[in-house]
Protein chains: 2
Amino acid sequence: MTKHRSDETVTMQSVAVAAGVSPMTVSNTFRYPERVQEETRLRVLTIAAELGYVPNHAAGNLASGQSRVIGAVIPSIKNSSFYNYVRGMQDAVATQGYQLILKLADSLAQEAAAIRTFVGLRVAGIALVGDEHEQDARMLLRKTGVPVVESWVHETPFDMAVGYSTADATRALTQLLIDGGHRRIGFVGYDGDVSSRFTERLPTFRQTLEQAGLESNRIVLIDQADGFGAGPKALQALCTIDPDLDAILCPTDIVAAGVLFECGRRSWTVPDRLAVAGWGDYEIASEITPGITTIHPHAYDMGQQAMSLIIDRTTGKDQDKTLVDTGFHIVRRCSA
Amino acid sequence: MTKHRSDETVTMQSVAVAAGVSPMTVSNTFRYPERVQEETRLRVLTIAAELGYVPNHAAGNLASGQSRVIGAVIPSIKNSSFYNYVRGMQDAVATQGYQLILKLADSLAQEAAAIRTFVGLRVAGIALVGDEHEQDARMLLRKTGVPVVESWVHETPFDMAVGYSTADATRALTQLLIDGGHRRIGFVGYDGDVSSRFTERLPTFRQTLEQAGLESNRIVLIDQADGFGAGPKALQALCTIDPDLDAILCPTDIVAAGVLFECGRRSWTVPDRLAVAGWGDYEIASEITPGITTIHPHAYDMGQQAMSLIIDRTTGKDQDKTLVDTGFHIVRRCSA
DNA sequence: GCGGATTATTGTAGCGCTACAAAACACAAA
DNA sequence: TTTGTGTTTTGTAGCGCTACAATAATCCGC
């Protein structure tokens with residue numbers, strides 16, 4: 001007894017027979033169309049379409065050792081922060097004939113699992129967010145040598161990286177509050193197992209304040225999972241430290257929006273009673289009243305560049321490009 | 001010259017040699033651990049870990065014709081609406097040893113492309129959102145026979161489906177507004193290429209109003225891509241039809257939040273001047289003031305059930321289960 | 001009309017893994 | 001010791017595709 005699958009399976013072989021050519025010609029039609037004469041190519045494509053043939057990526061991957069699928073690990077889709085990033089990635093791979101697949105990971109352990117899956121799939125490259133990864137995952141990536149690009153990372157990449165300087169952005173935003181005449185500025189950060197793109201902000205915040213001769217003790221750390229709800233909590237905690245707090249720097253626009261909601265409940269005017277700064281330029285930042293002053297991180301660009309780095313690496317050009325700075329800009333709205 | 005890849009590639013063969021067993025024993029260790037004696041299994045696992053071996057999914061897929069990867073197509077990650085859905089899917093597959101990969105698709109064409117990719121990958125099953133798909137994609141799915149589950153779909157599934165009754169939910173929400181004493185109720189819908197889970201609502205809305213002896217002409221259609229910004233636009237348009245509008249039914253909580261922002265700008269009190277109802281129970285619905293009265297769709301459940309349907313199908317049990325109703329409930333907050 | 005260069009097509013030999021059946025082994029009963 | 005039963009391990013033969021080299025077909029100038 002043979003091991004043939006259901007005879008209805010459409011394989012390259014069956015397309016080849018139906019089109020009266022060899023399997024290799026079918027293969028070339030899909031992978032290197034220019035190698036096949038137009039007439040032949042059209043015939044093959046027609047037959048393939050009729051039969052509903054879809055090349056078996058697993059077999060192709062196995063035979064060639066190559067893949068046109070890139071895997072990206074995304075921390076969360078809870079908020080819109082990664083929307084533009086993913087859109088940039090999708091658009092970039094689409095124009096190059098690659099495919100993007102996503103895995104969500106809320107923790108480093110989940111990220112490591114996602115990386116294992118992608119490695120098992122033998123993807124062409126892996127895009128990660130941030131520069132903190134499990135040791136096992138790092139070793140696996142090193143050993144297999146898959147191209148890896150980290151996003152939201154600005155220096156000393158594991159392999160390649162694309163991002164902007166969190167420190168520069170923090171400094172600019174803090175300075176903006178100082179220049180606005182605020183003196184009692186509070187900082188909201190995340191605690192727990194959190195990416196360095198958040199933890200890096202606090203030292204810069206402190207330093208900027210101290211250089212301006214201001215106190216930098218108005219600091220509170222909250223749980224990353226809280227979303228909007230973190231705003232009221234953080235404001236409450238900061239008011240315990242200083243009831244006369246006059247400005248607040250939030251880790252995301254979502255937290256900032258939460259703070260604005262709470263200001264509404266307290267009948268505090270923004271920015272007169274309290275100036276509020278966010279981060280990320282989420283959609284809500286421009287829609288809420290007052291609009292949130294925030295950091296716009298060029299996430300779409302980041303996604304595009306991340307994919308370009310991987311694709312250029314696999315196609316052999318720009319082997320040495322390893323770090324791309326996509327910059328940021330401050331969006332000045334009414335909240336600060 | 002042979003076609004061997006870099007000799008550093010860790011294959012099942014190399015693990016087998018290092019562990020002093022046959023390749024099949026290594027294979028069994030990973031796929032059917034209970035078939036291998038504990039001592040042998042441990043030795044193989046240790047060696048595999050040392051070598052950093054990750055089974056080549058492509059090869060396994062090719063040889064067995066089976067896959068433990070399930071593909072899901074998500075319309076968008078712009079808002080949090082699919083967060084719980086994806087979380088439910090992830091949690092469900094994790095406990096069964098499967099893997100979930102995602103593709104984003106903002107249009108039917110992109111969905112079709114995503115389906116092609118998944119079919120090319122020979123995934124174990126495909127999860128889609130909604131019941132509208134390109135004809136080519138439908139044919140491809142039929143021909144290949146992959147298990148397909150549609151979510152947010154309540155009847156006549158393509159293959160399997162999990163969802164809740166949009167009509168029931170619309171009726172309940174509309175009735176709530178009527179019972180609240182509102183008589184001049186407006187409806188905001190989406191126009192253009194939009195899933196039936198939105199378009200189905202309008203007829204039910206109309207019917208419910210007419211049964212209560214009310215006018216049902218306060219209707220406006222907006223662009224789905226607008227997000228928060230759609231709220232102000234829709235309110236503006238409805239006020240042109242009826243300046244004394246006293247309630248509004250929004251397609252999502254995002255639009256409802258946009259309406260609330262606009263009410264704030266106009267100094268309209270909610271719900272006295274205008275009652276606002278949303279849909280989806282997004283995070284913002286509970287955090288904004290006033291809280292948004294909305295439909296909670298049990299998305300987490302939906303995700304879990306969707307994966308269960310696929311996994312049960314591939315493992316051969318519950319072949320006949322084809323439609324799961326996960327229900328909904330109304331979350332009553334202050335906005336209506 | 002013919003060598004030589006170019007273009008188009010085709011066998012061959014695996015890629016790394018698994019289904020299946022056969023074989024080896026362990027151990028209790030006869 | 002032999003037989004039978006159950007458990008553990010191992011060859012064999014592909015899965016569907018592609019790299020590579022070889023062959024076949026076509027074209028050009030002289």
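Chain A is the first sequence line, chain B the second, and so forth, proteins listed ahead of strands; every chain is numbered from 1.
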Inset, instruction - Using a 4.0 Å heavy-atom cut-off across all strands, classify A/Thr11 as base, sugar-phosphate, or nothing. - result: sugar-phosphate

Inset, instruction - Would you mind telling me which residue lines up with the more 5' stretch of DNA chain C, B/Val26 or A/Glu34, judged by nearest nucleotide? - result: A/Glu34

Legend entry - Ion pair B/Asp159/B/Arg313, N-O distance below 4.0 Å: yes

Inset, instruction - Please confirm whether the backbone N or O of A/Pro23 pairs with a side-chain atom of A/Ser27, one donor and one acceptor, at under 3.5 Å? - result: no

Legend entry - Nearest-neighbour nucleotide for the B/Met24 side chain, D/dG16, C/dC20, D/dC15 considered: C/dC20

Inset, instruction - Give a yes/no answer on whether the side chain of B/Arg31 brings an N or O atom under 4.0 Å of OP1 or OP2 in C/dT18. - result: yes

Legend entry - Side-chain donor-acceptor pair present, A/Gln99, B/Lys103, cut-off under 3.5 Å: yes

Inset, instruction - Just compare C/dC17, D/dC17, D/dA19 and give me whichever is closest to any side-chain atom of A/Met12. - result: D/dC17

Inset, instruction - Rounded to the nearest angstrom, tell me the gap between atom CG in A/Asn28 and atom P in C/dA8. - result: 11 Å

Inset, instruction - Check whether NZ of the Lys or CZ of the Arg A/Arg87 lies under 6.0 Å from the centre of the six-membered ring of A/Tyr300 and within 45 degrees of that ring's axis. - result: no

Legend entry - Separation of atom CZ in A/Arg35 from atom C1' in D/dA21, rounded to whole Å: 13 Å

Legend entry - Distance test, side-chain N/O of A/Ser22 to OP1/OP2 of C/dT10, below 4.0 Å: yes

Inset, instruction - Look at the side chain of B/Asn61 and the backbone N and O of B/His57, then say whether any donor-acceptor pair between them is shorter than 3.5 Å. - result: no

Legend entry - N/O (side chain, B/Thr40) to phosphate O (OP1/OP2, D/dT8) under 4.0 Å: no

Inset, instruction - Ignoring backbone atoms, test whether A/Gln37 places a side-chain nitrogen or oxygen under 4.0 Å from the OP1 or OP2 oxygen of C/dT9. - result: yes

Inset, instruction - Select one nucleotide: of C/dC17, C/dT18, D/dG16, the one nearest the side-chain heavy atoms of A/Leu62. - result: D/dG16

Inset, instruction - Write down the distance between CG (B/Asn61) and C1' (D/dC17), rounded to a whole number of angstrom. - result: 13 Å

Inset, instruction - Round to a whole Å and report the spacing from CZ of A/Arg68 to C1' of D/dC17. - result: 15 Å

Legend entry - B/Arg142 charged N/C atom sitting above B/Phe158 aromatic ring, 6.0 Å / 45°: yes

Legend entry - Interatomic distance where CD belongs to B/Gln13 and P belongs to C/dC17 [whole Å]: 9 Å

Legend entry - Option passing side-chain contact (heavy atoms from CB on, under 4.5 Å) with B/Met160 (candidates B/Leu309, B/Asp312, B/Val324): B/Leu309

Inset, instruction - Measure from CZ on B/Phe30 to P on C/dC17 and round the result to the nearest Å. - result: 9 Å

Inset, instruction - Measure the angle between the two terminal helix axes of the helix from C/dG1-D/dC30 to C/dA30-D/dT1, five base pairs each, and quote it to 10°. - result: 40°

Inset, instruction - Please state whether the phosphate of C/dT18, meaning OP1 or OP2, lies under 4.0 angstrom from any side-chain nitrogen or oxygen of B/Ser27. - result: yes

Inset, instruction - Select from B/Arg122 and B/Thr25 the residue whose nearest nucleotide in DNA chain D is closer to the 5' end of that strand. - result: B/Thr25

Inset, instruction - Would you kindly give the CD-to-P distance between B/Glu39 and D/dT8, to the nearest whole Å? - result: 12 Å

Inset, instruction - Could you tell me the separation between the OG1 atom of A/Thr25 and the CD atom of A/Gln37, rounded to the nearest 0.5 Å? - result: 10.5 Å

Legend entry - Sugar-phosphate, base or nothing in reach of A/Tyr53, heavy atoms under 4.0 Å: sugar-phosphate

Legend entry - Between P of C/dG14 and CG of B/Asn56, the distance in whole Å: 18 Å

